[in-house]
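Working notes for the structure below.
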Amino acid sequence: MVRLGVVRDEVTLREFVEEQIAPALACLELPYVRFAFWAKDLEELCRIDAEIEAWKLAREVREASKQIGGRRLRGLRTISEEVLLAEFEDAIRQDRALGHHLVVCALQARVENVPLEAALAAYAYQSIAATCGAALKLIRVGQDACQRVLRAGALQIPEAIAKSLEVMREDAGCFNPLLEIGSMRHEFAEERLFIS
């Protein structure tokens, strides 16, 4: 988004969070956290994981989600003996699941008895915070400006959660060509924010 000139400063970063990130959270990400949270069994979790794979059009976005999800799951397994976590890890090893970050976040909330709405708020906040953290490294914007954007984004979280709770599985999704194109172009960028 920075290379495309969409995000240039505090104002455009705030617009990006409000107009690109928040709608995707409300219509796609948060509903899928909810679906995974309430999945009735391992097979349904695997189906949800596969649907997330299909929704993530850009290869790098898919790969990053699986990498982060895998790391999170391994971390959880070092502190938890929960059967569902072990079963999902086995499903990944057996190529029955992919281990998307979103599913692992939902599983963590579920096995730790975190209320659904708290889990949704945490997921939304970390998504907005990650965007602001990246902006600090990519554009000329200070920490105070990022805190203002993060605050504005956080104020949108209750509305995003409310909308997400109304989304049925067959209606979940978000089509954002600009964000998808930016994500696909990232694969061919000459510079990287992170080595990974």
Side-chain angles (χ1 to χ4, degrees), residues 1-2 6-7 10 12-37 48-49 51-73 75-76 98-110 112 114-139 141 143 145-167 172-184 186 193-194 196:
M1 293 294 95
V2 170
V6 173
V7 178
E10 179 181 351
T12 54
L13 176 60
R14 182 176 177 159
E15 290 170 353
F16 178 70
V17 167
E18 291 174 352
E19 297 168 11
Q20 310 288 331
I21 302 299
L25 284 168
C27 298
L28 177 65
E29 302 277 333
L30 296 180
Y32 269 95
V33 171
R34 185 179 96 237
F35 305 150
F37 185 91
I48 290 166
D49 199 44
E51 288 174 23
I52 293 164
E53 175 83 359
W55 269 111
K56 293 187 178 291
L57 300 179
R59 185 185 67 83
E60 284 199 345
V61 173
R62 287 191 309 270
E63 295 306 315
S65 176
K66 291 182 281 192
Q67 185 179 39
I68 294 167
R71 281 196 305 254
R72 187 173 196 145
L73 182 57
L76 287 169
L98 298 154
H100 280 285
H101 180 240
L102 200 151
V103 174
V104 176
C105 288
L107 282 175
Q108 180 180 7
R110 184 170 162 175
E112 293 181 359
V114 174
L116 174 62
E117 290 196 26
L120 296 175
Y123 185 88
Y125 184 83
Q126 76 180 11
S127 297
I128 296 168
T131 300
C132 291
L136 276 172
K137 297 171 181 74
L138 292 170
I139 60 175
V141 63
Q143 290 185 3
C146 277
Q147 284 300 316
R148 287 189 292 271
V149 172
L150 183 56
R151 169 96 170 122
L155 291 173
Q156 288 193 288
I157 290 174
E159 182 181 345
I161 290 172
K163 284 183 181 179
S164 78
L165 292 172
E166 296 174 2
V167 175
C174 181
F175 180 62
N176 187 333
L178 180 62
L179 195 54
E180 296 299 342
I181 290 168
S183 297
M184 289 176 189
H186 184 263
L193 182 58
F194 303 107
S196 64

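When reading the values below, keep in mind they use all heavy atoms of this one structure, side chains included, and skip hydrogens, waters and symmetry mates.
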For E117, the salt bridge (charged side-chain N to carboxylate O under 4.0 Å, His left out) test, sequence neighbours excluded, returns none
Heavy-atom closest pair (C174 atom, L28 atom, distance to 0.1 Å) is CB-CB, 4.0 Å
CZ (R62) and CD (Q67) are apart, to the nearest 0.5 Å, by 14.0 Å
Nearest heavy-atom approach of E180 to L57 is OE1-CB, 3.5 Å
When rounded to the nearest 0.5 Å, the distance separating CZ of F16 from CG of L178 is 7.5 Å
ask   = Regarding H101 and S65, is there a side-chain donor-to-acceptor distance under 3.5 Å anywhere?
value = no
With sequence neighbours left out, the residues meeting salt bridge (charged side-chain N to carboxylate O under 4.0 Å, His left out) with K56 are E29
- [ ] Applying side-chain contact (heavy atoms from CB on, under 4.5 Å), run through I48 and L102 and close with a yes or a no.
- [x] CA-CA 10 Å; I48 290 166; L102 200 151; 5.8 Å; no
Rounding to 0.5 Å, atoms CD1 (I52) and CZ (F35) come to a distance of 9.5 Å
Close side-chain approach of L165 and L120, heavy atoms under 4.5 Å
yes
Closest non-hydrogen atoms of A135 and V141, given as atom of the first, atom of the second and distance, are O-CG1, 3.6 Å
Here the gap from E51 atom CD to L98 atom CG, rounded to the nearest 0.5 Å, amounts to 12.0 Å
Output for pair (S164 OG, L116 CG), nearest 0.5 Å, gives 7.5 Å
(request) Would you check if M1 and T12 make a side-chain contact, meaning some heavy-atom pair closer than 4.5 Å? (result) no
Taking R14 for its side chain and V149 for its backbone only, find out whether a donor-acceptor pair lies under 3.5 Å.
no
All heavy atoms of A106 vs all of V33, minimum pair found to be CB-O, 3.4 Å
So CG of L76 and CZ of R71: to nearest 0.5 Å the spacing works out to 13.0 Å
In short, side-chain hydrogen bond (donor to acceptor under 3.5 Å, both in side chains) pairs touching residues 145-155 with sequence neighbours left out are E10-R148
**OP:** Under the side-chain contact (heavy atoms from CB on, under 4.5 Å) rule, what do Q20 and E15 come out as? Steps first, then yes or no, please.
**Re:** CA-CA 8 Å; Q20 310 288 331; E15 290 170 353; over 6 Å; no
Quiz prompt | Side-chain heavy-atom pair L107, F37 within 4.5 angstrom cut-off | solution = no
Under 4.5 Å between any side-chain heavy atoms of L30 and V167, yes or no? no
Notebook entry, point to check: Is the closest side-chain heavy-atom distance between Q126 and C105 below 4.5 Å?
Noted result: yes
Of all heavy-atom pairs linking A172 and Y32, the shortest is CB-CE1, 3.7 Å
(message) What verdict does the side-chain contact (heavy atoms from CB on, under 4.5 Å) test give for I128 and L25, after you've listed the backbone C-alpha separation in whole Å, the side-chain angles of each residue and the deciding distance to 0.1 Å?
(response) CA-CA 10 Å; I128 296 168; L25 284 168; 4.3 Å; yes
Shortest non-hydrogen pair, A160 vs A22, comes out as CB-O, 4.4 Å
Flag the pair E159 and K163 as a salt bridge only when some basic side-chain nitrogen lies within less than 4.0 angstrom of an acidic carboxylate oxygen. yes
